[in-house]
Amino acid sequence: MLIRVPRGWELKAGEATPEGVFAGRRKLVAGLVAGALLPRAAWAQDAPPAAARSTRYTLDRPLTEETLAARHNVFDEFTGQRDQVWKLAAGMKTDPWRVHVGGAVEKALSFDLDDLVRLMGLEERLYRHRCVEAWSMAVPWTGFPLARFVELCRPLSKARHLRMLSVSDPSLPGWYATKRVFPYYEALTLAEAKNELAFLATGIYGRPLPPQHGAPLRLAVPWKYGLKSLKSIVAFQFTEERPGTFWNDLSPRNYTWESNVLPHVPHPWPQTHETPLGSTERRETLPYNGYAEFVAHLYA
Ligand SMILES: Nc1nc2c(c(=O)[nH]1)N[C@H]1C(S)=C(S)[C@@H](COP(=O)(O)O)O[C@H]1N2
Ligand SMILES: [Mo]
């Protein structure tokens, strides 16, 4: 299927999504097909989910300009050059996309992402994002709470962690370019995964995620360094034992398992300040990236 989605930089940048903008994929066509085959009630149910903006999550700064966010990316499976990811990732095939669930669950499951989005519904949230490289951005994600997805997965009572896997495709140009062994993997405790802030994003700036941002499904855990928010997720595995995570396994000295944004905890390079993309500002980084009220209790 080929529906051309305009790239962010082809459109006027700056403004975030007006409320209610439709942000699904293939919904129009899926709806047409369903409408042809199903009775009217089913057709109505298949209407694209609207993504209203949540007012609960507020920013202390302007949104990053869309084009800037879309041209400075970390997605090492493509390249380590931040400003080249968008070009190399442009042709990534993300539709159809299946998401697999296994491990300590009542029953292993797999979903077509479009079906999953219909089940979950969509909302928009304005979140900050802080990379351990000390740049930051503030963006509107479209998606659904990870907690809602966890509930759908029916983890067993013994489950304590959620492990997640990124796309596995050795043909991606950066796959064998370094010593790193892909696929990229991450994990949260189940309590973190159920925290209201943990979010699975399918869109940004009111449109489906472009590949460089981790299409078609990526995590957003804004109280943690950006490296926890893995991209292009294909699998979720519930575990009892704490699973490894990509950067903590590679370099435990530089990256803790939790990787919470804690600016005053000594770190091999300073984390007390950040520079928002598109500015030259040296801005103070806040504990838990400004989300302490939501998450500090998890670590008390
Ligand atoms: N699969 C995968 N996910 C990833 C990464 C990566 O290299 N591969 N980089 C992480 C890092 S370090 C950051 S800061 C964010 C960047 O997200 P963005 O490019 O959408 O801003 O993605 C995270 N998710
Ligand atoms: Mo990062």
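In listed order, ligands and their atoms are each counted from 1.
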Undergrad: Quick test: of every protein heavy atom, which one is nearest to atom 24 (N) of ligand 1, and how far off is it to 0.1 Å?
TA: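 Residue, atom and distance for the closest contact: Ser229 O, 2.9 Å.
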Undergrad: Between the side chains of Trp223 and Tyr299, is a donor N or O closer than 3.5 angstrom to an acceptor N or O?
TA: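 On atom types as modelled, these side chains qualify, holding a pair under 3.5 Å.
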Undergrad: Distance to 0.1 Å, residue and atom name: give those for the protein heavy atom nearest to atom 20 (O) of ligand 1.
TA: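 Here the closest protein heavy atom is His213 ND1, 2.7 Å.
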Undergrad: Please identify which atoms of ligand 1 are closer than 4.0 Å to at least one heavy atom of Leu230.
TA: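 Answer, ordered by atom number: 3 (N), 24 (N).
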Undergrad: Check if Glu186 has a non-hydrogen atom at a distance under 4.0 Å from any atom of ligand 1.
TA: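 No, Glu186 has no heavy atoms under 4.0 Å from ligand 1.
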Undergrad: Does Leu119 belong to the same Ile/Leu/Val/Met/Phe/Trp/Tyr cluster as Leu217, with side-chain heavy atoms less than 4.5 Å apart forming each link?
TA: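 Result: yes, single cluster for both.
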Undergrad: Do you know the tightest heavy-atom contact between Asn248 and Trp257?
TA: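 It is ND2-N, 3.5 Å.
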Undergrad: Is the Phe149 to Phe236 ring centre distance short of 6.0 Å?
TA: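 Distance test on ring centres: under 6.0 Å, yes.
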Undergrad: Students should be able to answer this: which protein heavy-atom is nearest to atom 9 (N) of ligand 1, and at what distance?
TA: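 That would be Val74 O, 3.2 Å.
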Undergrad: May I ask you to check whether Glu77 has an N/O atom sitting below 3.5 Å from an N/O atom of ligand 1?
TA: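 Min N/O separation from ligand 1 is below 3.5 Å for Glu77.
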Undergrad: How about Tyr225 and Tyr255: are their ring centroids closer than 6.0 Å?
TA: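 Aromatic pair excluded; centres sit 6.0 Å or further apart.
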Undergrad: Assess the pair Tyr176 and Phe182: is the distance between their ring centroids shorter than 6.0 Å?
TA: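 No, ring centres 6.0 Å or more apart.
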Undergrad: Can you tell me the protein heavy atom closest to atom 14 (S) of ligand 1 and the distance?
TA: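 For this ligand atom, the closest protein heavy atom is His129 NE2, 3.4 Å.
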Undergrad: Would a line drawn from the ring center of Tyr291 to the ring center of Tyr288 be shorter than 6.0 Å?
TA: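 When the ring centroids of Tyr291 and Tyr288 are compared, they turn out to be at least 6.0 Å apart.
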Undergrad: Looking at Cys131, which atoms of ligand 1 are within less than 4.0 Å of one of its heavy atoms?
TA: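 What qualifies from ligand 1 is 14 (S).
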Undergrad: Could you tell me whether Asp60 and Arg283 make a salt bridge, using a distance below 4.0 angstrom between a side-chain N and a carboxylate O?
TA: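 A salt bridge is present here (some side-chain N lies under 4.0 Å from a carboxylate O).
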Undergrad: What protein heavy atom sits nearest atom 6 (C) of ligand 1, and how far away is it?
TA: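 Looking at atom 6 (C) of ligand 1, the protein heavy atom closest to it is Tyr184 CE1, 3.5 Å.
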Undergrad: Compute both the distance and the angle, then confirm whether Arg71 meets the cation-pi test with Trp86: under 6.0 Å from the six-membered ring centre, within 45 degrees of the axis.
TA: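 Arg71 over Trp86 ring: yes.
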Undergrad: Do Arg218 and ligand 1 have an N or O pair less than 3.5 Å apart?
TA: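 Yes: some nitrogen or oxygen of Arg218 is under 3.5 Å from one in ligand 1.
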Undergrad: Look at ligand 1 and say whether Trp135 reaches it with a heavy atom at a distance under 4.0 Å.
TA: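 A heavy atom of Trp135 does come that close to ligand 1.
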Undergrad: Less than 6.0 angstrom from the centroid, inside 45 degrees of the normal: does Arg163 satisfy that with respect to the ring of Tyr185?
TA: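 Yes, Arg163 sits over the ring of Tyr185.
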Undergrad: At a 4.0 Å threshold, what atoms of ligand 1 neighbour a non-hydrogen atom of Gly226?
TA: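 Once the distances to Gly226 are compared, the set is 10 (C), 11 (C), 13 (C), 14 (S), 15 (C), 22 (O), 23 (C).
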Undergrad: Where is the nearest protein heavy atom to atom 21 (O) of ligand 1: which residue, which atom, and how far?
TA: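 Residue, atom and distance for the closest contact: Met137 CE, 3.1 Å.
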Undergrad: With heavy-atom distances below 4.0 Å as the criterion, list the atoms of ligand 1 near Leu227.
TA: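 Under 4.0 Å from Leu227, ligand 1 has these atoms: 10 (C), 11 (C), 12 (S).
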Undergrad: Students should be able to answer this: which protein heavy-atom is nearest to atom 7 (O) of ligand 1, and at what distance?
TA: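 Checking every protein heavy atom, the shortest distance to atom 7 (O) of ligand 1 gives Asp76 N, 2.9 Å.
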Undergrad: Just need the protein heavy atom nearest to atom 18 (P) of ligand 1, so name the residue and atom and give the distance.
TA: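 Of the protein heavy atoms, Lys231 NZ, 3.3 Å lies nearest.
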